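Data first, discussion second: the structure below is written as structure tokens.
Quick caveat: nothing in here was measured; it's all calculated off a predicted structure.
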Amino acid sequence: MAEAAAGVGRFKSNYAVERKIEPFYKGGKVQLDQTGQHLFCVCGTRVNILDVASGTMLQSLEQEDQEDITAFDLSPDDKVLVTASRALLLAQWAWQEGSITRLWKAIHTAPVATMAFDPTSTLLATGGCDGAVRVWDVVQHYGTHHFRGSPGVIHLVAFHPDPARLLLFSSAADTSIRVWSLQDRSCLAMLTAHYSAVTSLTFSADGHTMLSSGRDKICIVWDLQSLQATRTVPVFESVEAAVLLPEEPAPELGVKSAGLHFLTAGDQGTLRVWEAASGQCVHAQRQLPGPGRELTHCTLARAAGLLLSVTADHNLLLYEARSLQLQKQFAGYSEEVLDVRFLGPKDSHVVVASNSPCLKVFELQTSACQILHGHTDIVLALDVFRKGWLFVSCAKDQSICVWRMNKAGEVACVAQGSGHTHSVGTICCSRLKETFLVTGSQDCTVKLWPLPEALSSKSTGPDGGPVLLQAQATQHCHDKDINSVAIAPNDKLLATGSQDRTAKLWALPQCQLLGVFSGHRRGLWCVQFSPMDQVLATASADGTVKLWALQDFSCLKTFEGHDASVLKVAFVSRGTQLLSSGSDGLVKLWTIKNNECVRTLDAHEDKVWGLHCSRLDDHALTGASDSCVILWKDVTEVEQAEEQAKREEQMVNLGKPRLGAATQLTPSGCSGPGCRLLSQPRWLCLQP
């Protein structure tokens with residue numbers, strides 16, 4: 001109690017950005033270096049370079065014209081990176097230093113769509129949207145060849161792996177593969193066996209065989225001596241990439257003989273291994289639920305023994321090539337972030353719900369990412385139980401999932417439930433113990449779900465898969481969508497906020513109506529109980545936050561300052577201050593006693609849907625429609641110490657005596673007995 005009273009006076013004055021989880025890949029090419037230590041990918045005007053081991057971004061390279069990057073390639077010796085921008089400029093980078101060594105005009109009349117180095121790292125081929133193929137000597141710095149004759153966009157170029165043969169392959173909109181002789185400066189052959197766009201070309205180590213894949217659901221094996229197709233393998237899916245595997249046994253992939261085998265990635269969302277001779281699929285990954293699983297890219301780093309695949313929702317998955325064991329996961333782009341929560345007893349992880357059926361769990365210290373599959377439609381809301389190991393999610397698929405994180409940071413789904421007839425838009429966990437949770441839905445009802453005792457144990461979960469949850473109580477609460485539910489700190493009260501402009505108070509577990517909070521002019525987005533007082537905070541689309549007394553349902557205070565809807569509200573500083581986030585992209589810090597907006601934090605560029613505070617109250621977490629997640633640190637004490645040091649220095653300079661060690665700088669505000677909102681906790685004695 002004394003500690004609580006002491007903490008009341010410590011008002012926060014500012015937060016600073018400690019960390020940002022930002023998009024680093026928005027579609028397009030991805031590439032690993034030969035060692036498998038660095039990952040290169042496109043994000044708008046930049047090529048980002050990630051350290052594979054830690055997941056941290058090492059470099060973010062942007063051309064001087066600041067136009068979108070349309071193509072890039074890393075040389076086989078890993079020394080040179082070349083990028084092409086929409087401004088028709090090519091840039092040669094010393095990528096490890098992050099500097100441009102040469103910049104030149106592409107001479108194409110339309111943007112460069114693809115590029116590739118030759119095996120010696122001296123020649124670079126570029127294919128343009130103008131139908132032209134050009135070859136450049138990046139060592140001597142001049143253009144060597146210009147091949148015309150392809151209709152439409154050139155979307156693939158590749159050199160023959162034997163530099164002595166001086167052959168270049170390209171594919172354009174007419175679905176044929178052209179073979180160009182650099183020696184004769186002419187088209188040697190047109191390989192016409194595909195019926196739709198060719199999506200990849202890959203070569204065997206000896207250079208005698210080429211594999212092409214297409215959206216016509218076939219892969220074709222070509223003999224490069226005769227330039228004839230030797231085998232057509234129907235793979236029954238639109239293939240975005242195919243990779244020839246090393247000709248050696250790999251029992252875990254079903255490769256038992258030394259013949260030609262290849263791996264495909266496509267719209268079914270699974271990696272599959274095929275035997276070329278028989279045309280049989282010898283291995284297939286287990287298919288995971290939900291949309292966005294289609295694979296858009298796949299690349300093999302042979303020397304490192306790693307395989308990288310990319311999903312349609314911009315997740316990058318790194319596998320050990322010989323066994324397809326998942327090594328690393330990276331979330332490239334989260335689109336709209338809808339909710340965020342700290343996880344773990346020390347808030348070591350964060351979980352992010354974005355415009356996707358998948359959840360992303362990030363370890364804050366290492367940037368390691370896990371992608372969780374359990375829902376089949378967009379996850380709308382999250383909450384976490386008191387200890388931090390168990391958390392819950394709800395989604396548009398009308399279901400809820402309970403997840404458990406173990407001490408190693410691995411997360412598994414341990415329970416699932418369904419019963420609502422519309423999207424489940426809000427969810428809240430019991431506060432005292434891990435005993436129940438409450439959901440609110442677009443069907444205007446709330447449901448109370450008891451949790452089996454076994455779920456709160458630290459075991460990894462039942463052997464038979466997730467436990468099936470059953471709702472204990474269902475209550476029709478509002479006339480419109482329920483946007484928010486909150487459980488009181490004593491687990492005896494439930495608050496609901498709705499699009500019908502009201503909040504309501506209910507007694508648990510029977511869900512009996514106790515009263516209605518009326519006063520907002522627009523729908524409510526969030527309701528939150530104070531951790532210390534018998535007070536409810538509501539955030540509304542009318543741009544205000546209101547505080548209400550639970551005893552008589554009267555409005556105690558109104559906070560005005562957001563220019564648009566207030567989407568989330570949270571109590572900080574032991575219930576004496578509020579954090580609010582809005583669709584104006586702002587986060588505001590309020591002191592309750594004097595209604596003052598102490599600080600406005602402006603780091604997001606769009607609606608801030610997610611807001612959560614750490615258990616030590618020293619950090620806050622926000623997630624927004626700009627696809628950014630920001631970790632904020634409370635810098636009040638740091639700034640006060642700096643201010644104190646400045647004042648002492650000024651006094652010394654003026655020749656005045658320094659402030660004594662006993663002098664205390666206390667923030668304005670009173671926690672005396674006359675302050676109604678800053679009293680001791682009364683939750684444990686409150687009865688509904």
Side-chain angles (χ1 to χ4, degrees), residues 28-29 31 70-76 82-84 88 90 106-138 143-204 207-216 218-229 239-244 297 299:
K29 181 176 176 177
Q31 188 174 356
T70 57
F72 78 90
D73 198 44
L74 178 69
S75 61
V82 175
T83 58
L88 308 183
L90 294 170
I107 312 180
H108 288 277
T109 57
V112 173
T114 184
M115 64 172 68
F117 272 96
D118 82 325
T120 66
S121 300
T122 56
L123 297 179
L124 175 77
T126 57
C129 295
D130 56 0
V133 176
R134 291 181 178 273
V135 182
W136 311 86
D137 187 318
V138 296
T144 63
H145 297 77
H146 181 198
F147 297 119
R148 298 186 189 86
S150 304
V153 176
I154 306 285
H155 52 257
L156 266 181
V157 288
F159 282 95
H160 191 282
D162 182 358
R165 294 197 59 178
L166 293 172
L167 293 180
L168 175 66
F169 299 79
S170 70
S171 181
D174 62 352
T175 75
S176 61
I177 301 166
R178 285 174 169 77
V179 186
W180 307 93
S181 168
L182 299 185
Q183 197 165 1
D184 300 337
R185 297 177 177 270
S186 63
C187 181
L188 277 187
M190 280 180 62
L191 313 181
T192 54
H194 283 284
Y195 300 98
S196 69
V198 178
T199 52
S200 72
L201 298 173
T202 181
F203 302 88
S204 61
H208 298 329
T209 306
M210 179 177 76
L211 178 75
S212 63
S213 67
R215 298 197 178 110
D216 49 10
I218 58 173
C219 289
I220 299 172
V221 181
W222 303 87
D223 180 351
L224 293 183
Q225 305 289 341
S226 62
L227 296 178
Q228 297 293 319
V239 180
E240 293 299 324
V243 173
L244 276 172
H297 291 274
T299 180

Distance in Å, H194 NE2 paired with T192 OG1, rounded so as to fall on 0.5 Å steps = 10.5 Å
Go through the side-chain N and O atoms of S200 and S213 and say whether any donor and acceptor fall under 3.5 Å apart.
-> yes
Would I107 and H146 satisfy side-chain contact (heavy atoms from CB on, under 4.5 Å), going step by step from the backbone distance to the final call?
-> CA-CA 10 Å; I107 312 180; H146 181 198; over 6 Å; no
Please assess K29 against T114 for the test side-chain contact (heavy atoms from CB on, under 4.5 Å), listing each intermediate value before the final yes or no.
-> CA-CA 9 Å; K29 181 176 176 177; T114 184; over 6 Å; no
Apply side-chain contact (heavy atoms from CB on, under 4.5 Å) to C187 and F147, showing your working.
-> CA-CA 8 Å; C187 181; F147 297 119; over 6 Å; no
Show the numbers, then the answer: is there a side-chain contact (heavy atoms from CB on, under 4.5 Å) between H145 and L168?
-> CA-CA 11 Å; H145 297 77; L168 175 66; over 6 Å; no
Heavy-atom side-chain proximity of S170 to W180 below 4.5 angstrom | yes
Atom pair CG/CE of D223 and M210 - distance to nearest 0.5 Å = 10.5 Å
Distance (rounded to the nearest 0.5 Å) between I177 CD1 and L191 CG | 5.5 Å
Looking only at atom types and distance, does a side-chain atom of H297 sit under 3.5 Å from a main-chain N or O of G28, one as donor and one as acceptor?
-> yes
Give a yes or no on whether the backbone of T209 and the side-chain of S204 come within a donor-acceptor separation of less than 3.5 Å.
-> yes
Considering only heavy atoms from C-beta outward, does the side chain of V157 approach that of T126 to under 4.5 Å?
-> no
Only one of L167, L182, D118, L166 passes side chain to side chain contact (heavy atoms under 4.5 Å, CB included) with H160, and that residue is L167
Check whether any side-chain heavy atom of F169 sits under 4.5 Å from a side-chain heavy atom of L224, and report yes or no.
-> yes
Under 4.5 Å between any side-chain heavy atoms of T199 and R215, yes or no?
-> yes
Donor-acceptor contact below 3.5 Å, side chain T70 vs main chain V112 | yes
Out of curiosity, T175 OG1 to D216 CG, how far, rounded to the nearest 0.5 Å?
-> 8.0 Å
M115 CE to R134 CZ distance, which is reported to the nearest 0.5 Å | 13.5 Å
Any side-chain heavy atom of L123 sitting closer than 4.5 Å to one from D137?
-> yes
So, do F159 and V135 sit near enough that their side-chain heavy atoms are less than 4.5 Å apart?
-> yes
Pairwise distance OG1(T299) to CD(Q31) - rounded to 0.5 angstrom = 6.5 Å
